[in-house]
Every structure is written in C-alpha cells, then in structure tokens.
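Everything below concerns the one structure shown next.
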Amino acid sequence: MTNQPNHTCLPRSRRRMRLLRRGLFLLLALLLALQGCIQPDSVDEPPDTGDDTGKTFLYQTMQYEYTTDVSAWLQYIVTGMDPQYLILANKTNPLNANDIPETVRLTCATNPYNQRDETLNSCAANALYAMLAEMAADGVTDIFVTSSYRSYDRQQSLFYGYIDEEMSKNPALTREQAEQLVLTYSARPGTSEHQTGLCVDFGTNAEYSEAGEVLTEYFEETAAFRWLIENCYRFGFILRYPEDKVGVTGYTYEPWHYRFVGREAATEIMLRGLCLEEFLNELN
Ligand SMILES: [Zn+2]
C-alpha cells in the first residue's frame, strides 16, 4: 500500500472534468475526421446528371431564352422529368377505364366553330398558357384548342359510333371490317392519349376557312404550326405523332397534336428527333 496518488483516487469533481475534456477531445477528433472524409467529395462533385444511372442529357447544357417573362410559369414548364408527365398511352400500352386524371377547365381560346368546355391537367394547362402568351408576343395569334382531355367513356362512344356510321354507310361491311376502317382514324378506347389529360389538338381560323374543318393536314401550312414545331419544347410540349415515326408510334402524322411532357424530356425529344416511345426506351 503506497500513498502515491492515482487517477481513481482523484476527487470526484476533478475526475469528472478530466473525463469531460477527454470526451470533448474525442468528439472534436471525430468531427475533424468526418470533415476530412466529406470535403474532397463535395469539392469534386460531378455535375448533376438528372438521374442515378450517370446518363447525361441535352437539356443540362441548354440556355432557354424567352420573349415574354415566364418566371411565374417556370414551375409548370420545368418538371424535372416527373414520371406523371411521361405516361405512355398507345396501342400497346392502353389505359384503363378507371384511369381518370384530375383536370381543370381551359381558359384560353377554344374552337369557335364547335363550342364546348375543354379540360386539361392543371400543370399542362399552365404551361400551355405560357406557350400561347409567347406565341402572341411573337405575332402568332391565330390558334385555338379544339380538343384536350377525353374520357375513356367518351372515346368508347366515339369509337363505336364511328363503327355504326361506317356500317350504315356501307352495309356490305362486316363489323370487323368496319372496325379496321375506323382504326385508321380513331383510337380504340384506352389507347387515345387524350385520356391522359396531357395533350391538346390545335386548330386555326386560316385552316378552317381553307379546309372547312380543323384537324386537317392544312394545319401544317399555318404560322401556328411553324412556330410550334420550333418552340413547343421550350414550354414542355412535343409534336407527338411525327411524320417519320408512324412505325414507332402506331399513329399517322398529326401536325396538330401536342403532348406535355415537361421541358427536360421535350428538349431531348424535339431537338434529337425522337418520339416519346423512343425516348422512354432510352430512359429505362
Ligand atoms: Zn389529338
């Protein structure tokens, strides 16, 4: 037994102070070590590639310029490739009867020759308003929406109505033959993209006075079409059924039909000459 003091014999308060100091020192050392681990990564962080697969996209290097002040609309135009705006509805990916999107009534110009309420997904509607404002600022004012959201039920009654019409026009046709004929100009229920609430068909007065109706190839001759084909991607819209993609989309060329997908996907699709099916294949 010696009188040599040892740590365990220190008065309790001093021992507590020493333990506290040692704890603080260890904590500080740990924090410094962690900082050393994190810092080099954050300094050399690669640019955001938009997804986890390391793919790079055209939109990441794009400078978007607008004639009008679109700052209040950007939240609708720039959707960050949100899957809800990349829904695919075509002949091989039909929607169900109970796929019913939330829509709002459009407040822009609609077909004056066939007055009815047009409704659309609210984000797509706001992006559409921004696009129409920009078009007007660029001097293109002859344009209206002639078709937008269409329910499964409405498409069903249109489709079967057309079959009945074809059969009464030509009684020699079997029901199956009439159906094949109708499929060349109308979509089977569930396969119309209009059921997504994300697309619109445009018409113009010039087209109506020239062709006597809208949704004609004459739309291609209008100033509205020339503007849309150049600019729609800047507002998140794409020409959905291009002339050179009939074999991929399964639909004939429709210069009047524009689909909202958000600015990122629209940039890839329009500037790289893809269609939605090709882009989604590339993405997945
Ligand atoms: Zn359409």
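When reading the values below, keep in mind they use all heavy atoms of this one structure, side chains included, and skip hydrogens, waters and symmetry mates. If you're wondering where the values come from, they're calculated on a predicted model, not measured in any experiment. Read the numbers this way: they start at 1 and go in the same order the structure lists the ligands and their atoms.
A donor atom on one side chain and an acceptor atom on the other are not found under 3.5 Å apart for D153 and S151. Side-chain atoms of Y129 and T107 include a donor-acceptor pair closer than 3.5 Å.
Looking only at protein N/O/S atoms, the ones less than 2.8 Å from the Zn ion (ligand 1) make 4 in total.
A search for ring-ring contact (aromatic ring centres under 6.0 Å, His included) contacts involving Y241 returns Y251, H257, not counting sequence neighbours. Partners of F225 according to the ring-ring contact (aromatic ring centres under 6.0 Å, His included) rule, which considers only residues two or more places apart in sequence or in another chain, do not exist here.
Within the structure, the salt bridge (charged side-chain N to carboxylate O under 4.0 Å, His left out) test picks out the following pairs touching residues 172-197 (sequence neighbours left out): D164-R175, E179-R188, E193-R240, E193-R259.
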Derivation of the side-chain contact (heavy atoms from CB on, under 4.5 Å) call for L228 and F219: CA-CA 11 Å; L228 284 165; F219 185 74; 4.0 Å; yes
